[in-house]
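This report concerns only the one structure given below.
So you know, we letter chains A, B, ... as the sequences are listed, proteins then strands, and number each from 1.
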There are 2 protein chains.
Amino acid sequence: MQKATNLNRLAYFVAVVDAGSFTRAADYLGITKAVVSQQVARLEQEVGTTLLMRTTRRLQPTEAGRMFHARCVSILREAEDALGELAQGRTEPKGLLRITAPYDYGTSVIVPLVTTFTSRYKDCRVELNLSDRMVDLVADNMDLAIRVGWLADSNLQARRIGSFRQLLVGSPEFVGNVPALNEPADCSSLPFVANNALREPLEWTFTHRDGDVRSVRFKADIAINTTPAVMEAVRQGAGLSVLPDFLTTAGLLAGDLIPVLPEWQLPSGGVYTVYPAARFRPPKVSVFVDMLIAALKALSLTREIR
Amino acid sequence: MQKATNLNRLAYFVAVVDAGSFTRAADYLGITKAVVSQQVARLEQEVGTTLLMRTTRRLQPTEAGRMFHARCVSILREAEDALGELAQGRTEPKGLLRITAPYDYGTSVIVPLVTTFTSRYKDCRVELNLSDRMVDLVADNMDLAIRVGWLADSNLQARRIGSFRQLLVGSPEFVGNVPALNEPADCSSLPFVANNALREPLEWTFTHRDGDVRSVRFKADIAINTTPAVMEAVRQGAGLSVLPDFLTTAGLLAGDLIPVLPEWQLPSGGVYTVYPAARFRPPKVSVFVDMLIAALKALSLTREIR
DNA sequence: CGGATTGTCAGCTTTTAGCATACATTCTGT
DNA sequence: ACAGAATGTATGCTAAAAGCTGACAATCCG
């Protein structure tokens, strides 16, 4: 079987015809005229057809050469367009961005961000898949996964971009009807709503501003397996619970929830982005992650001011 | 300036996407999978975009990769079409064939041949330029020149494909009214029509069948600068003249002209084809030259039978 | 008529293509 | 559950190709 024609030679041939001489084509291409001469000669050898009629110091395309030149111009233009489109896609966010995130985090943090993202970048669309299971990025054709919690650093494509705090909260009515709460031990006997979405929902370690560390084990009469429902029960005065700040912000602002022992900190968790392994990051992904980082920073500042 | 993208890599990339794996693409292309892997990796490097999302043992194109793949398929198909068109032009005579020939030879020999050629090859057209001057093949964009006479063998692209004879002829009336003509000297005092299209129209060397060589210098009362007009004067009884067989055949057959001293031969000349220097001969040229050679052979046989 | 220009050729150096081999990771059959 | 098979990548090697320089032959122009 005949060896494939080297398509790079088309560009040399087109340059010669366009320039009207090997010498001018070489100048235009930035190589020596000997190379241009050789490349076109090899092209003629490969296609078994004379494309240029030459005499010393003069040349012109044959009839076959003129036909082929027209075809080559079209081919090279199409290649240039395709490469240009790739280059443009490297710099401008566009196309469909597929994101997976946990239910709760996705609903409260990612949804508002997605709205902002698509209104800012008109060429982008977003498909947000909320799932608490470990999504396979490549198999499920995802561009980006938001992971919340505690990840081992073994996955090179995972990147910690922010954090969330956890708070002990109760409703105003509930907290108003119990004795003063000054330290974690004061709370251990109070009604507690356990969040069974967590691996260990009852035992919590508090750290005071001055460094004092206390662990408390709550007793729960109520245990629920989804975090929003836990929050709703707390709002209804069913008891205290530990909830992430990305869920409680609205309730705290509205006065439906009250932080308990705010001087005592609970462990915070990380917010991670995970990408499929790839050599280059499409700008739609980079831009979205930048926006997420900025949003998380703004959230941190809001918390610190209060 | 960025180095140009190697267009040969497009074929590797398309093969991988089409095949669904590097391994199958390698099998299809007849090379090792390591090469396919490297070629696509280099393509991604050159375009600065991830085209394929890979995990171990699995891959799929990115969004940019899918777009680019569609473009590449189109480009490669167009290239294949263009190369196919060249290949077809290599085997089938088609297009415009531009021929230059001397006035006389062209009119009597080439015109009938051109008619046969274009009726046999429907895709061909012919442009016949009759000129007695030395035509520059490349400058005047000719595919083929027919040269008649005596060429030095220095031009490598000239090819002798046949010959013509020269005959001493007169009209029947003229020859009937003169004493018997047995040898060249008998003719030297007779009226002679000089052909000024020739370099030396008056001095001729005759060679007998038995090897005897005689030279004669004619005296001409009439000198004309075009061969057909010379022949017409001879036909009208103005005298004898030396004319090429490709002009006299019809007159001889019709009885308008009579050969004089047929046992004494005059110098013959060659029929040559001249091509512009080229690596490959388009089939339209090759086929036409083949037909010309065949026609000249047929002419030779006709002369020998008589 | 001589110098300038053009295209080609030959020899050389650098770069690339393609190979074989080894390795890490996943998948499948037993 | 495990071992072998399959896949894609990396590395080092060899051969081929790309590009350079210099020289040459043929034409053109001042």
Side-chain angles (χ1 to χ4, degrees), chain A residues 1 3-13 15-17 19-46 50-62 65 134 136-139 154-157 276-279, chain B residues 1 3-13 15-17 19-46 50-62 65 134 136-139 154-157 276-279:
Chain A
M1 196 244 250
K3 188 177 169 65
T5 297
N6 186 340
L7 297 181
N8 295 321
R9 305 200 209 284
L10 308 188
Y12 299 100
F13 169 63
V16 169
V17 175
S21 84
F22 286 91
T23 305
R24 285 198 293 275
D27 285 344
Y28 171 77
L29 295 169
I31 54 180
T32 70
K33 61 188 179 182
V35 171
V36 180
S37 175
Q38 271 182 329
Q39 287 282 3
V40 174
R42 285 186 193 131
L43 177 59
E44 286 177 320
Q45 211 73 43
E46 282 171 359
T50 299
L51 301 170
L52 295 173
M53 205 62 71
R54 305 150 167 84
T55 53
T56 55
R57 298 193 60 178
R58 258 187 312 163
L59 61 77
Q60 66 187 66
T62 62
M134 189 70 82
D136 184 319
L137 283 157
V138 174
S154 59
N155 188 336
L156 293 175
Q157 297 294 328
R279 291 185 172 85
Chain B
M1 193 241 252
K3 190 177 167 66
T5 297
N6 186 341
L7 296 181
N8 294 322
R9 305 200 209 284
L10 307 188
Y12 298 100
F13 169 61
V16 170
V17 174
S21 84
F22 285 90
T23 305
R24 284 199 293 274
D27 286 341
Y28 171 79
L29 294 168
I31 54 180
T32 69
K33 61 189 178 180
V35 170
V36 180
S37 176
Q38 271 183 326
Q39 287 282 4
V40 175
R42 286 187 191 129
L43 177 60
E44 285 177 320
Q45 211 72 44
E46 284 170 359
T50 300
L51 300 171
L52 294 172
M53 204 62 70
R54 306 149 167 84
T55 53
T56 55
R57 301 193 61 184
R58 256 185 314 161
L59 63 77
Q60 63 187 68
T62 61
M134 189 69 81
D136 184 319
L137 282 157
V138 174
S154 59
N155 188 337
L156 292 177
Q157 296 294 328
R279 292 184 171 85

Handout entry: Phosphate contact (dG18(C) OP1 or OP2) by Thr32(B) side-chain N/O below 4.0 Å
Key = no

Problem - Between P of dA17(D) and CZ of Arg42(A), the distance in whole Å - result: 7 Å

Exercise for the section: Let me know the distance between CD1 of Ile31(A) and C1' of dG7(C), rounded to the nearest Å. Expected result: 14 Å

Practice task
Kindly indicate whether the side chain of Leu43(A), heavy atoms from C-beta on, has any atom under 4.5 Å from the side chain of Gln38(A).
Solution key: no

Fill in the blank from the handout: side chain to side chain contact (heavy atoms under 4.5 Å, CB included) filter on Ser37(B), not counting sequence neighbours, yields Phe22(B)

Handout entry: Whole-Å gap separating C1' (dG7(C)) and CE (Met53(A))
Key = 16 Å

Exercise for the section: Take the protein atom CG of Leu43(B) and the nucleotide atom P of dT16(C), then report the distance between them rounded to whole Å. Expected result: 15 Å

Completion exercise
Which of dG18(C), dT6(C), dA10(D) is nearest the side chain of Ala34(B)? It is dA10(D)

Practice task
Check whether any side-chain N or O of Arg9(A) sits under 4.0 Å from OP1 or OP2 of dA18(D), and answer yes or no.
Solution key: yes

Handout entry: Nucleotide dT8(C), atom C1' - distance to CG of Leu52(A) in whole Å
Key = 14 Å

Handout entry: Pairing residues for Ala34(A) by the side chain to side chain contact (heavy atoms under 4.5 Å, CB included) criterion, not counting sequence neighbours
Key = Thr32(A)

Fill in the blank from the handout: Between its two end axes (five pairs each) the helix from dC1(C)-dG30(D) to dT30(C)-dA1(D) turns, nearest 10 degrees, through 30°

Completion exercise
From NZ of Lys33(B) across to P of dA10(D) the rounded distance in Å is 14 Å

Problem - Atom pair distance, as rounded to whole Å: CG in Leu29(A) and P in dG19(D) - result: 10 Å

Handout entry: Beyond-backbone contact of Thr62(B) with Leu52(B), side-chain heavy atoms, under 4.5 angstrom
Key = no

Handout entry: Nucleotide of dG18(C), dT7(D), dT9(D) approaching Phe22(B) most closely (side-chain heavy atoms)
Key = dT9(D)

Problem - Below 4.0 Å: OP1/OP2 of dT5(C) and any side-chain N or O of Thr23(A) - result: no

Exercise for the section: Verify the contact: side-chain N or O of Asn6(A) to OP1 or OP2 of dA17(C), cut-off strictly under 4.0 Å; return yes or no. Expected result: no

Exercise for the section: Ignoring hydrogens and angles, tell me if any N or O in the side chain of Gln39(A) forms a donor-acceptor pair with the backbone of Tyr12(A) under 3.5 Å. Expected result: no

Fill in the blank from the handout: Closest to the side chain of Arg54(B), out of dT6(C), dG8(D), dA18(D), is dG8(D)

Practice task
Answer yes when Arg9(A) and Glu44(A) have at least one side-chain N-carboxylate O distance shorter than 4.0 Å, and no when they do not.
Solution key: no

Exercise for the section: Name the residue closer to the 5' end of DNA chain D, choosing between Gln39(A) and Val35(B) according to the nucleotide with the nearest heavy atom. Expected result: Val35(B)

Handout entry: Polar side-chain atom of Arg24(B) near backbone of Ala19(B) as donor-acceptor pair, under 3.5 Å
Key = yes

Exercise for the section: Quickly work out the Arg24(A) CZ to dG7(C) C1' distance and round it to whole Å. Expected result: 13 Å

Exercise for the section: Report yes if at least one side-chain N or O of Ser37(A) is closer than 4.0 Å to OP1 or OP2 of dT8(C); otherwise report no. Expected result: yes

